[in-house]
There are 2 protein chains.
Amino acid sequence: MLYDALPTPRQAILPAERAVVPGLRRDARRDVADAAAHSRAIGGRLALISSAVEVQRHLLRAEQKVYRSGDPFTHLYVVNSGFYKVVTLSPDGREQIVSFKFRGDWLGLDGIADGAHDCDVVAMDIGEVWAIPYAALLQACALRPALMAVLHEGMSREITSDRNSLMTVCTLPADARVADFLSSWAGALARRGLRNDHIQLHMTRAEIGNYLGMTLETVSRALSRLAREQVIGFAGNGRRHILVHDAHALAGAAQHAPAAMLQ
Amino acid sequence: MLYDALPTPRQAILPAERAVVPGLRRDARRDVADAAAHSRAIGGRLALISSAVEVQRHLLRAEQKVYRSGDPFTHLYVVNSGFYKVVTLSPDGREQIVSFKFRGDWLGLDGIADGAHDCDVVAMDIGEVWAIPYAALLQACALRPALMAVLHEGMSREITSDRNSLMTVCTLPADARVADFLSSWAGALARRGLRNDHIQLHMTRAEIGNYLGMTLETVSRALSRLAREQVIGFAGNGRRHILVHDAHALAGAAQHAPAAMLQ
DNA sequence: CGGGCGTTTGAATCAAATCAATTGGAGTGG
DNA sequence: CCACTCCAATTGATTTGATTCAAACGCCCG
């Protein structure tokens, strides 16, 4: 496992792989407007951060780590580009992917409490993160309430999204969890102004399964079933490129909870 | 469901149900010292908060809600006493208990991101929470860096503990999840300077099952097995009072992951 | 071209859910 | 005070969704 993540080129390239959203979903005029607004909001947040504090830009290749469990906590990070997985490791050796991260997401918030990180963050592709010294960020926050609001919003959103994951895992059967995963991913892309009818999965079935609390075979079967039902399709090479044919049906499939779980 | 939680007596009684920890675990001289230190730390945090901002004290009875999903976000809360469950509700009607809260825990952090709460917090017993206007808290934080540190630590800890829940649910079989639940609860009590060899469960088997992603029958069977193996015992009335006979064995039972989950 | 890895699919097995019956308190009212 | 109801918990029998075991396929890369 590579780990030259942080002591790396701190150069600036900024590939900025934003795509314009061509408004592909049928009934989605408002969705597109919302997405555009959100996208502006994310760009605005990034601009606010980089204008208020000195950020250090780090380029990462696939498999490189932004930080790892046990590292002393000194910086927070904001994702500028790329996709990342957050992995926690239990004392007895269990590994759990607890979330996936995109442009605009914060990384490192776990480290604040105890002064040391307690998870690994791994790039799933090339990408760029901005490192922000926590001390400097706090000082800047004192001067700029808007910056503080952005930071707190990030923490709060992290809490709610982690709780949503728990809800998904605890209340949905396997097939619905996979549908929910795809649907949420599409939503996250839309919120960033990226097209959301094509999903490029940057992870293996095993990683999806780990994240959703099931085996890779079950993930594969669930995807096959969704494809058989024409809800999604596969494009290109390694079955990792998903076409969302029917976003509505996909969202519906993500709600098929067993009756016992309702109430 | 009662909901006169907030517009309630704002009076102060402060029952302060701290028990002295008599050092019951065998090898636990250091644990006791740690627990005492933590306890002081929690008391210190509460003291810091109440000295820095004007808190409004709210007494709650069992089943009353501190806030509910959809409520506009205006206050954060800190638990002074009692036990609380945090419940999220999905759009399609699934209910999920995402955490249980104790003395010293923050409530309401979920509301910061969108200006509205997205879960219910329900008292499982009588207790007292302190309501802190968020705007006032931020102002106080600007003046008192230590207060900011306490707030951020609370958010960070919330993130890590939510992720731990996900890890537990995703990687452990049912019996181990129940053991882990008890073990974690005992740990949380110890950290607050409360005795941790007696656990009073304030919730039904169904609620534990919901939290752990299993049915009430499975919870009951897991508890029965732990009791049969002398790891725990039952005391008193409604099988809700647990005696932890062997904390070490309990922690061990919480690690029996299937081999496939290790790596 | 061959090896390795990721994915798919099938068959067998197993852990947990479901269905069902019983017990045990707590509270109520005659 | 006791019969009654209601609800939580326990325990057993059965079913089922997901895992495990196994085999085959496709793709990338040396």
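Here is how names work: the chains are called A, B, and so on, in the same order as the sequence lines, proteins then strands, and each is numbered from 1.
- Nearest nucleotide to the side chain of A/R240, out of C/dT7, D/dA9, D/dT20: C/dT7.
- Taking atom CZ on B/F234 and atom C1' on D/dT11, their separation rounds to 13 Å, with Å as the unit.
- Mapping A/R221 and A/G238 onto DNA chain C by nearest heavy atom places A/G238 closer to the 5' end of the strand.
- Between B/I97 and B/N210 the shortest heavy-atom distance is N-OD1, 2.7 Å.
- Closest to the side chain of B/A174, out of C/dA16, C/dG6, C/dT9, is C/dA16.
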Report task. Report the C-alpha distance between A/R103 and A/R191 in whole Å, list the side-chain angles of each, state the deciding distance to 0.1 Å, and finish with yes or no for side-chain contact (heavy atoms from CB on, under 4.5 Å). Result -> CA-CA 10 Å; A/R103 173 175 168 84; A/R191 246 171 280 125; over 6 Å; no
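- Under the 30°/60° scheme for interplanar angles, the aromatic rings of A/H241 and A/H198 are found to stand perpendicular.
- With a 3.5 Å limit on both pairing distances and Watson-Crick or G-U wobble geometry required, the stems of 3 or more pairs in DNA chain C span C:1-11 with D:20-30, C:13-26 with D:5-18, C:28-30 with D:1-3.
- For the pair B/R205 CZ and C/dT18 C1', the computed distance is 19 Å after rounding to whole Å.
- The B/S224 side chain lies nearest to D/dT10 when the options are C/dT8, D/dA9, D/dT10.
- If you take CG of A/L172 and P of C/dA17, they are 15 Å apart, rounded to a whole angstrom.
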Requested in this report: Take B/D162 and B/V98 through the side-chain contact (heavy atoms from CB on, under 4.5 Å) test and state the conclusion after the steps.
Outcome: CA-CA 8 Å; B/D162 287 353; B/V98 293; 5.7 Å; no
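- Look at CG on B/L223: it is 14 Å from P on C/dA16, rounded to the nearest Å.
- Minimum atom distance to the side chain of B/T204 is reached by D/dA9, of the listed D/dT10, D/dA9, C/dT8.
- Atom-to-atom, CG of B/N210 to P of D/dA9 comes out at 14 Å; the value is rounded to the nearest Å.
- In terms of the ring pair (Phe, Tyr, Trp, His ring centres under 6.0 Å) criterion, residue partners of B/Y211 (sequence neighbours excluded) are, by chain and number, B/F100, B/F181.
- Taking the six-membered ring for Trp and thresholds of 30 and 60 degrees, B/F102 and B/W185 have ring planes more than 60 degrees apart, a perpendicular arrangement.
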Query raised in the report: Which is it for B/Q200 and B/R240 under the side-chain contact (heavy atoms from CB on, under 4.5 Å) test, yes or no, and what are the steps along the way?
Result: CA-CA 6 Å; B/Q200 179 65 41; B/R240 297 236 191 140; 4.0 Å; yes
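- Neither OP1 nor OP2 of D/dA18 sits under 4.0 Å from any side-chain N or O of A/T215.
- In terms of position on DNA chain D, the residue among A/P173 and A/N237 whose nearest nucleotide sits closer to the 5' end is A/P173.
- Residue contacts shown for A/T218 include a base, since a base heavy atom lies under 4.0 Å away.
- Look at CZ on A/R225: it is 13 Å from C1' on C/dT8, rounded to the nearest Å.
- Between the CD atom of B/E207 and the P atom of D/dA9 there is a distance of 9 Å, given to the nearest Å.
- Between A/G104 and A/I42 the shortest heavy-atom distance is CA-CG2, 4.0 Å.
- Residue B/L216 is in base contact, counting any heavy-atom pair closer than 4.0 Å across all strands shown.
- Listed nucleotides: D/dA8, C/dC19, C/dG6. Nearest to the side chain of B/E217: C/dC19.
- Per the geometry, CD1 belonging to B/I242 stands 13 Å off C1' belonging to D/dT10, to the nearest Å.
- Which of C/dA17, D/dT10, C/dT8 sits closest to the side chain of B/R239 comes down to D/dT10.
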